Amino acid sequence: MSNITVSPDDCTRCGGVCVKICPVSIISMKEDKLPKIAKDLEDKCIKCGHCENFCLFNALKTNFEGDYPLSMNERAADIKPEQLAKFVQTRRSIRHYRKKPLNRKLIEQMLDVIRYSPTAANSQKVKWIVVHDPEKVQEIAALTVDWMKTEVEKRPNHPYSLQYNGIIRRWGDWARMRSVITHPTSLSPQYRKGAPGQRPTPIIALAYFELVAKGYGIASCWNGFLKIAMEEFAPMREEMEIPEGYMPSYALTFGYPKQRSTGGAPKRDPLSIKWV
Ligand SMILES: Cc1cc2nc3c(=O)[nH]c(=O)nc-3n(C[C@H](O)[C@H](O)[C@H](O)COP(=O)(O)O)c2cc1C
């Protein structure tokens with residue numbers, strides 16, 4: 001079945017915004033000048049919804065499943081470029097969090113926005129694992145330390161062995177260490193194994209998440225320990241319940257911030273650009 005329906009009364013035969021906008025070029029105009037998808041191309045549709053989203057006359061509707069979070073006539077909130085720049089530049093990695101737990105509904109609300117981060121060929125195949133239950137958080141943190149122990153045993157000259165040994169030594173001091181490892185909530189998006197172009201998709205989603213979370217007053221930090229432990233340590237993969245056929249991409253720890261920055265932004269290296 002065709003994924004689009006066109007209203008002949010509303011279509012202005014504008015000459016084909018929908019035809020040009022389709023990223024897989026499956027929409028064409030026939031003699032009646034109405035856009036159509038040829039039968040043999042119907043299964044090539046990636047369900048991105050651009051044909052519907054860019055038709056300014058609301059003449060084209062998509063038939064595939066999904067919800068609309070906004071009305072098609074919504075205009076993007078008027079954020080000035082300087083405001084957006086400031087918002088992005090003042091995001092900081094926060095490594096210490098208040099004890100106050102995050103509400104599940106709020107986490108879901110933030111992830112719901114992230115459904116709109118770009119995904120390779122609109123695959124939308126990111127699966128999220130949220131470690132939120134306090135006991136599970138502690139188990140994941142403990143397993144991270146177990147993994148560090150195996151690392152320093154295997155490779156005493158590991159570039160991070162000083163850091164790992166420090167964490168292993170202080171691990172009994174849970175109240176202090178939980179911030180560093182997973183407290184209070186960790187998030188890890190997974191990507192489908194073997195599917196082309198999927199690897200960066202969950203990382204992009206996480207980068208979006210950090211910014212959306214900041215909008216809600218939630219702080220975060222990328223968690224390299226958990227990422228590597230998920231990749232290299234089978235007990236961690238088991239504990240995280242990574243779905244069959246999926247690969248862990250990265251992890252992020254987030255919660256209410258314990259610390260606040262001045263509001264400005266620290267120094268950074270100058271831009272490095274090569275124009276070609
Ligand atoms: C891919 C990636 C991995 C990171 N891994 C860790 C990590 O394992 N532990 C940590 O404390 N911070 C981690 N960070 C945070 C960086 O240290 C941080 O982004 C950087 O110091 C700049 O600080 P800012 O984010 O506040 O601007 C990571 C960041 C990225 C993008």
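Position 1 is the first residue of the sequence; numbering continues from there. In each ligand, atom 1 is the first atom listed, and ligand 1 is the first ligand listed. What you are looking at is a predicted structure, and each value in this text was computed from that prediction instead of being measured. Only heavy atoms go into these numbers, but all of them, side chains included; no hydrogens, no water, no symmetry mates.
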Does ligand 1 have any N/O pairs with the protein under 3.5 Å, and how far apart?
from	atom 1	to	atom 2	distance (Å)
ligand 1	8 (O)	Gly224	N	2.7
ligand 1	11 (O)	Arg95	NE	2.6
ligand 1	12 (N)	Arg95	NH2	3.2
ligand 1	17 (O)	Arg95	NH2	3.0
ligand 1	19 (O)	Ser93	OG	3.2
ligand 1	25 (O)	Arg91	NH1	3.1
ligand 1	25 (O)	Arg91	NH2	3.1
ligand 1	25 (O)	Ser93	N	3.4
ligand 1	25 (O)	Ser93	OG	2.6
ligand 1	26 (O)	Arg92	NE	2.9
ligand 1	26 (O)	Ser93	N	2.7
ligand 1	27 (O)	Arg92	NE	3.2
ligand 1	27 (O)	Arg92	NH2	2.8
ligand 1	27 (O)	Arg268	NH2	2.6

- request: Determine whether more than 12 heavy atoms belonging to other residues, nucleotides or ligands lie under 6.0 Å from atom CZ of Arg13.
  value: yes

statement: Those residues at least two apart in sequence (or on a different chain) that pass ring-ring contact (aromatic ring centres under 6.0 Å, His included) with Trp128 are none

- request: Please work out which of the three classes, parallel, tilted or perpendicular, describes the rings of Trp147 and Phe225, given edges at 30° and 60°.
  value: tilted

query: Does NZ or CZ of Lys100 come closer than 6.0 Å to the centre of the six-membered ring of Tyr256, within 45° of the ring's axis?
result: yes

task: Please answer whether the main-chain N or O of Tyr250 pairs with a side-chain N or O of Ser188 as donor and acceptor at a distance below 3.5 Å.
output: yes

task: Compute the ring centroids of Phe254 and Phe209, then answer whether they are less than 6.0 Å apart.
output: yes

